[in-house]
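Comments concern the structure below.
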Amino acid sequence: MRILILGLAAVLSVTAAQAATYRLGGLEVGQPWSRPSAAGANGAGYMTVTNRGGTPDTLVAVESPSARKVEMHRTTTDGGVMKMQRLDSVLLPPGKAITFAPAGYHVMLIGLTKAQKTGDAVPATLVFKSGARLKVEFAVGAGPTGGAAATGAKAMEHMNH
């Protein structure tokens, strides 16, 4: 019974963390998440960033003490071939949302300092051109949509960063 209760608590904590929304002024980050990964490996962060303000802003960096280096990337498919491009910034038009998801925009957590296990949280700070700095936590698990997110994330595993 105790194991069942602990297991249920872990599932609920991941679900609650995945439903997290972070706000600073007109900027909003919803459902940041990451898959489990081994220490020293690379991980990826996913989220939706919404600019609810009236002027554009730009995401210029993501920082995390949980990785040696953090980069923003975008995966595209051209002629059936997946390509990954490192991005210096991501424009956030007013009133628009940009989704970071498997096989699209994503945050690369390069050289994880420790293993990421389901139920963990990876701290990060999003840095914007406006000077805003928004602290978030990527919930480690299967993602807010479960199967589809996990399947796309599995495809990313095979890409060498």
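Across every non-hydrogen atom of Ser89 and Thr58, the tightest pair is CB-CG2, 3.4 Å. Here the shortest heavy-atom pairing between Ser37 and Gly43 reads OG-CA, 4.0 Å. Of all heavy-atom pairs spanning Leu27 and Ala132, the tightest one is CD1-CB, 3.8 Å. Taking all atoms of both residues into account, the shortest heavy-atom contact from Val136 to Pro32 is CB-CG, 4.4 Å.
Residues Leu134 and Val127 do not share a hydrophobic cluster, defined by chaining ILVMFWY side chains whose heavy atoms lie under 4.5 Å apart. When the side chains of ILVMFWY residues are joined at heavy-atom separations under 4.5 Å, either directly or via intervening members, Leu91 and Val60 end up in two distinct hydrophobic clusters.
Put simply, the side chain of Ser64 does not reach to within 4.5 Å of the side chain of Phe138, judged on heavy atoms. Looking at heavy atoms from C-beta onward, Val90 lies in side-chain contact with Tyr105 at the 4.5 angstrom threshold. Counting only heavy atoms from C-beta outward, the side chains of Lys69 and Glu71 approach each other to under 4.5 Å. Residues Gln31 and Thr21 fail the side-chain proximity criterion, which asks for heavy atoms closer than 4.5 Å. In this structure the side chain of Gln116 reaches within 4.5 angstrom of the side chain of Ser34, judged on heavy atoms. By the 4.5 Å heavy-atom criterion applied to side chains, Asp78 and Lys83 are counted as neighbours. In this structure, the side chains of Met108 and Met72 stay at 4.5 Å or more apart for every pair of heavy atoms.
Taken to the nearest 0.5 Å, the CE atom of Met82 stands 5.0 Å off from the OG1 atom of Thr77. A distance of 3.5 Å separates OG1 of Thr75 from CE of Met84, quoted to the nearest 0.5 Å. To the nearest 0.5 Å, atom CG of residue Asn42 and atom CG of residue Leu109 are 8.5 Å apart.
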Please tabulate, for the side chains in residues 47-56, all donor-acceptor contacts under 3.5 angstrom to protein atoms that are two or more places apart in sequence or on a different chain.
| residue | atom | partner | partner atom | Å |
| --- | --- | --- | --- | --- |
| Asn51 | OD1 | Gly53 | N | 2.9 |
| Asn51 | ND2 | Thr55 | O | 2.9 |
| Asn51 | ND2 | Leu92 | O | 2.9 |
| Arg52 | NE | Glu28 | OE1 | 3.0 |
| Arg52 | NH2 | Glu28 | OE2 | 2.9 |

Would Val122 and Glu137 satisfy side-chain contact (heavy atoms from CB on, under 4.5 Å), going step by step from the backbone distance to the final call?
CA-CA 5 Å; Val122 179; Glu137 288 188 338; over 6 Å; no
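Aromatic ring pairs are classed by plane angle as parallel below 30°, tilted from 30° to 60° and perpendicular above 60°; the pair Tyr46 and His106 is tilted.
When each of Leu126, Val70, Leu59 is checked for a side-chain contact (heavy atoms from CB on, under 4.5 Å) with Val107, only Val70 meets the rule.
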